[in-house]
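Only one structure is covered here, and it is reproduced in the block below.
Note that the structure is a prediction, hence the values are computed from the model and not measured.
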Amino acid sequence: MPPKLLAGVLAMVGHASHMHDKLKRADEAHKEALEIYHQLGDKRNEADMLRCVATRDPDGEAHIRMDMQALDLATEAGDRFLIAAINGNLSTSLHVLDRVPEALEALKRGTEAAEGGLEHCVVHLFANLAALQFATGAVEQSLMTYRSILPVAREFSTILLPIICLELADAFTQLGRYDEALEQYHE
């Protein structure tokens, strides 16, 4: 089988295995695809496989190192979706390690990469940014972020829409804007 085709098949096996909680098999397939993409010099797909492998690494520092390497590759490849997705993963790991300022920076980079057409792909990224802004006391910023993503969530993300509405309502409540909060709670 041609190497690029084999790597693509392995990537799909990894994705399917991950979705069915067969994480060891997912890791094996993604690592094998990663190696092939690396040998082929396919930076975009190498970044994607590195991102997938990193998400399953229980060592937070190793996860961050892999995400940073994947981010460099995605940036070289100019893939805005991957830049956004990798920054989302990176922010989660940084937040877990209580590196909040770095997590916020990663989320900002991710949302900037997604702006202008990719917001629907990474609604969760914007929601995470708003939640982290709220948690760190930047309630006005949080409100602006939630409001900017609400129309996209209404159109594309039925799963996240209730969460975004509730968190937006909480931000309005925190600012004493109770009528607007009530509207969001009703939605």
| Verdict with supporting geometry, Cys52 and His15, side-chain contact (heavy atoms from CB on, under 4.5 Å) | CA-CA 8 Å; Cys52 292; His15 296 328; 3.6 Å; yes
Gap separating the [atom1] atom of [X] from the [atom2] atom of [Y], nearest 0.5 angstrom:
| X | Y | atom1 | atom2 | result |
| --- | --- | --- | --- | --- |
| His38 | Lys43 | NE2 | NZ | 8.5 Å |
| Phe126 | Gln133 | CZ | CD | 11.0 Å |
| Met144 | Gln141 | CE | CD | 6.5 Å |
| Asp48 | Tyr37 | CG | OH | 8.0 Å |
| Leu182 | His186 | CG | NE2 | 3.5 Å |
| Thr145 | Asn128 | OG1 | CG | 11.5 Å |

Closest non-hydrogen atom pair between [X] and [Y], with its separation:
| X | Y | answer |
| --- | --- | --- |
| Ser17 | Arg25 | OG-CG, 3.4 Å |
| Ala26 | Gly14 | CB-O, 3.3 Å |
| Asp57 | Ala62 | OD2-CB, 3.7 Å |
| Pro151 | Arg147 | CD-O, 3.3 Å |
| Pro3 | Ile36 | O-CG2, 3.4 Å |
| Ala74 | Ala47 | N-CB, 3.7 Å |

| request: Please test Met68 against Arg65 for side-chain contact (heavy atoms from CB on, under 4.5 Å), starting from the C-alpha separation and ending with a verdict. | output: CA-CA 5 Å; Met68 294 301 291; Arg65 282 191 302 277; 5.8 Å; no
| query | Ignoring hydrogens and geometry, is there a side-chain-to-backbone donor-acceptor pair from Thr75 to Leu71 under 3.5 Å? | reply |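 Side chain of Thr75 to backbone of Leu71, a donor-acceptor pair under 3.5 Å: yes, one is there.
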Answer yes or no: is there an ion pair linking [X] with [Y], defined by an N-O contact shorter than 4.0 Å?
| X | Y | value |
| --- | --- | --- |
| Lys24 | Asp27 | no |
| Arg44 | Glu76 | no |
| Glu28 | Lys22 | no |

| field | Aromatic ring proximity, centroids under 6.0 angstrom, His30 and His18 | value |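 They do not qualify: ring centres at least 6.0 Å apart.
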Using the rule that two of Ile, Leu, Val, Met, Phe, Trp, Tyr join whenever any of their side-chain heavy atoms come within less than 4.5 Å, decide whether [X] and [Y] are in one cluster.
| X | Y | result |
| --- | --- | --- |
| Leu150 | Leu107 | yes |
| Leu175 | Ile149 | yes |
| Phe81 | Leu160 | yes |
| Val100 | Leu129 | yes |
| Met1 | Met12 | no |

| task | Among Glu35, Glu46, Lys4, find the one that has a side-chain contact (heavy atoms from CB on, under 4.5 Å) with Leu40. | result | Lys4
Check: [Y] and [X] side chains under 4.5 Å, non-hydrogen atoms:
| X | Y | answer |
| --- | --- | --- |
| Arg177 | Leu143 | yes |
| Leu97 | Ile64 | yes |
| Glu140 | Phe134 | no |

| said: Under the rule for side chain to side chain donor-acceptor pair (under 3.5 Å), what residues qualify as partners of Ser93, not counting sequence neighbours? | reply: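 By the side chain to side chain donor-acceptor pair (under 3.5 Å) rule, Ser93 matches His63.
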| query | Listed by chain and number, what are the side-chain contact (heavy atoms from CB on, under 4.5 Å) partners of Glu167, not counting sequence neighbours? | reply |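 Glu167 satisfies side-chain contact (heavy atoms from CB on, under 4.5 Å) with Ala131, Tyr146, Ile163 only.
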| Evaluation steps, side-chain contact (heavy atoms from CB on, under 4.5 Å), between Thr173 and Tyr185 | CA-CA 10 Å; Thr173 300; Tyr185 283 128; 3.7 Å; yes
Using residues 83-90 as the side-chain source, report each donor-acceptor pair under 3.5 Å to any protein atom, sequence neighbours left out, with the distance given to one decimal.
unit_1, atom_1, unit_2, atom_2, d
Asn87, OD1, Arg109, NE, 3.2
Asn87, OD1, Arg109, NH2, 3.1
Asn87, ND2, Ile83, O, 2.9

| message | Testing the 3.5 Å rule here: is there a donor-acceptor pair between the side chains of Asp42 and Asn45? | response |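 Looking only at side-chain atoms, Asn45 and Asp42 do form a donor-acceptor pair, the distance falling under 3.5 Å.
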| Do Leu161 and Glu187 pass the side-chain contact (heavy atoms from CB on, under 4.5 Å) test, and can you show the C-alpha distance, the side-chain angles, and the key distance before you say yes or no? | CA-CA 9 Å; Leu161 182 59; Glu187 185 173 347; 4.2 Å; yes
| query | Could you go step by step and tell me if Gln184 and Glu180 meet the side-chain hydrogen bond (donor to acceptor under 3.5 Å, both in side chains) rule? | reply | CA-CA 7 Å; Gln184 291 306 309; Glu180 291 165 292; over 6 Å; no
